[in-house]
Amino acid sequence: MSIISFIIAAYNAEKYIKQCIESCLNCPIQNKEIILINDGSTDKTLEICKKIQLEQPILKIVNQPNKGVSSARNAGINLATGDWLLFIDADDTINSQPLMEILSSNIIKSKKIELCTFGCNFIFKTRNEVHNTKNSIYSTKEFLNTALFQLASWNYLFNRNLIINHHIRFPEGIICTEDQNFNIKALCCSKQIASFNQIVYNYNCTNSHSASKKKHSVDWIKSRLESANDILLFCKQHAIAPTLVQNQIKRLYESYVLDTTTEINLHQKKSFFIEKYKLTTSMLPSFKKNWKFQICYHNFTIGLLMFYLHKKIHK
């Protein structure tokens with residue numbers, strides 16, 4: 001069995017994919033696998049990957065029609081055999097030595113930890129910005145209810161058994177917050193999470209074509225509330241107390257209400273909020289205690305105004 005499975009979802013990544021794959025190949029772990037899911041690229045991404053594969057058969061390639069990053073990563077999960085899973089965006093790279101240090105640590109070897117996070121390096125055109133963590137172990141409740149929680153799935157190492165045994169997958173059809181959704185589910189099924197101060201991941205902030213820089217659609221913003229209810233349904237199905245994720249549900253609702261990046265009109269935004277809020281409170285009754293969302297439910301316009309005033313005052 002491999003020690004680690006690198007899972008790379010790629011869509012039109014011809015400019016970056018070679019260096020991404022090479023950063024994984026350079027990792028001096030004897031037992032590893034690199035799984036590349038080409039998600040319907042229309043450029044030379046697949047051609048470049050096949051050329052690398054001729055010299056590096058450790059690279060496995062899955063070629064599928066364009067279905068989105070969630071579908072691509074789920075295909076990688078289904079194929080993976082490693083003890084640990086690391087998701088990598090096709091325009092990013094990893095630092096092999098810090099990753100080796102984590103995988104060889106006594107904490108990981110003890111097999112008591114199923115999820116861990118680490119530091120990352122944000123690469124801009126004129127500078128780098130390091131976001132580090134400290135060496136520590138946290139309970140799930142502590143981690144989920146503080147600023148320690150990271151939204152991106154590339155910020156974590158996931159034990160494969162944790163993911164497989166609890167049937168955790170990225171939510172297909174939800175085009176926003178899919179990473180956050182996956183991470184929360186994994187955390188809810190873990191007792192503890194280990195944090196390491198090694199800088200493992202290099203995030204490319206120079207790619208002007210990345211998904212995070214694209215104009216957000218109406219479906220994009222709606223996905224935040226769909227994701228909230230999907231998480232609550234997962235908790236219900238796995239006998240997890242929904243109050244454990246309450247702060248994260250609140251976070252998703254706040255991002256929906258305060259979003260100004262889409263062209264959704266006020267009537268659409270109000271109707272969708274009311275529909276999803278009813279479902280949310282049926283699974284998480286204590287959510288009704290949040291007065292800001294209660295006001296939005298009864299009078300969305302006034303509630304929206306309250307949110308903006310609250311945000312302005314607490315800047």
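The figures here come from the full heavy-atom set of this structure, side chains too, leaving out hydrogens, waters and symmetry mates.
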Specify whether [X] and [Y] have parallel, tilted or perpendicular ring planes, treating 30° as the upper limit for parallel and 60° as the lower limit for perpendicular.
X	Y	answer
F182	F158	perpendicular
F170	F87	perpendicular
F122	W154	perpendicular

Would you confirm whether [X], through its side chain, and [Y], through its main-chain N or O, come within 3.5 Å as a donor-acceptor pair?
X	Y	value
E14	K44	yes
S105	I102	yes
N74	S70	yes
T140	S190	yes
K185	Q180	no
Y156	Q150	yes
K32	C27	yes
D89	D91	no
N165	N161	yes
N26	E22	yes

Just how far is it from atom [atom1] of [X] to atom [atom2] of [Y], taken to the nearest 0.5 Å?
X	Y	atom1	atom2	answer
F196	E101	CZ	CD	10.5 Å
Y308	L305	OH	CG	10.0 Å
T206	K125	OG1	NZ	7.0 Å
K50	L59	NZ	CG	11.5 Å
C116	I107	SG	CD1	9.0 Å
I264	F272	CD1	CZ	7.5 Å

Treating Ile, Leu, Val, Met, Phe, Trp and Tyr as nodes and any side-chain heavy-atom pair under 4.5 angstrom as an edge, say whether [X] and [Y] lie in one connected cluster.
X	Y	value
I137	L144	no
I7	I164	yes
F143	F234	yes
L86	L79	no
I17	I123	no

Which heavy-atom pair separates [X] from [Y] by the least distance, and what is that distance?
X	Y	value
C176	S227	O-CB, 4.5 Å
I8	C20	CD1-SG, 3.8 Å
A186	I168	CA-CD1, 3.6 Å
G76	I37	CA-CD1, 3.8 Å
S104	K109	O-CE, 3.3 Å
N181	P171	CG-CG, 3.6 Å

Item to check | From CA spacing to verdict: side chain to side chain donor-acceptor pair (under 3.5 Å), E33, T81 | outcome: CA-CA 8 Å; E33 64 183 2; T81 62; 3.1 Å; yes

Item to check | Check: N159/D83 side-chain N/O donor and acceptor closer than 3.5 Å | outcome: no

Item to check | Flag for N183-S153: side-chain donor and acceptor within less than 3.5 Å | outcome: yes

Quick check: do [X] and [Y] have side-chain heavy atoms less than 4.5 Å from each other?
X	Y	answer
I175	S223	yes
Q192	S139	no
E129	N121	no
T280	L232	yes
N265	K269	no
F273	C296	yes
L99	L103	yes
F6	I94	yes

Salt bridge [X]-[Y], side-chain N to carboxylate O under 4.0 Å:
X	Y	value
E178	R73	no
D43	K15	no
K67	E172	no

Checklist entry - Given L36 and V62, is the side-chain contact (heavy atoms from CB on, under 4.5 Å) satisfied, shown in steps? => result CA-CA 6 Å; L36 186 288; V62 177; over 6 Å; no

Does [X], at its [atom1] atom, have more than 12 non-hydrogen atoms belonging to other residues, nucleotides or ligands within less than 6.0 Å?
X	atom1	result
H298	NE2	yes
E55	CD	no
K292	NZ	yes

Next on the checklist: For Y277 together with Y297, are the ring centres under 6.0 Å from each other?
Outcome noted: yes

Item to check | Candidate pair D259 and R224, rule side-chain contact (heavy atoms from CB on, under 4.5 Å), full reasoning | outcome: CA-CA 10 Å; D259 179 82; R224 301 190 185 189; 3.9 Å; yes

Next on the checklist: If the test is side chain to side chain donor-acceptor pair (under 3.5 Å), which one of T93, N95, N155, D92 qualifies with Y201?
Outcome noted: D92

Checklist entry - In this structure, which one of N63, N66, T45, N12 forms a side chain to side chain donor-acceptor pair (under 3.5 Å) with N38? => result N63

Checklist entry - Checking side-chain contact (heavy atoms from CB on, under 4.5 Å) for the pair Q246/L284: CA distance, chi angles, key distance, verdict? => result CA-CA 8 Å; Q246 182 161 296; L284 181 62; 3.6 Å; yes

Item to check | Check against side chain to side chain donor-acceptor pair (under 3.5 Å), N247 and N145 | outcome: CA-CA 6 Å; N247 279 353; N145 288 286; 2.7 Å; yes

Item to check | Verdict with reasoning, L46 to K51, per side-chain contact (heavy atoms from CB on, under 4.5 Å) | outcome: CA-CA 9 Å; L46 182 59; K51 187 175 180 180; over 6 Å; no

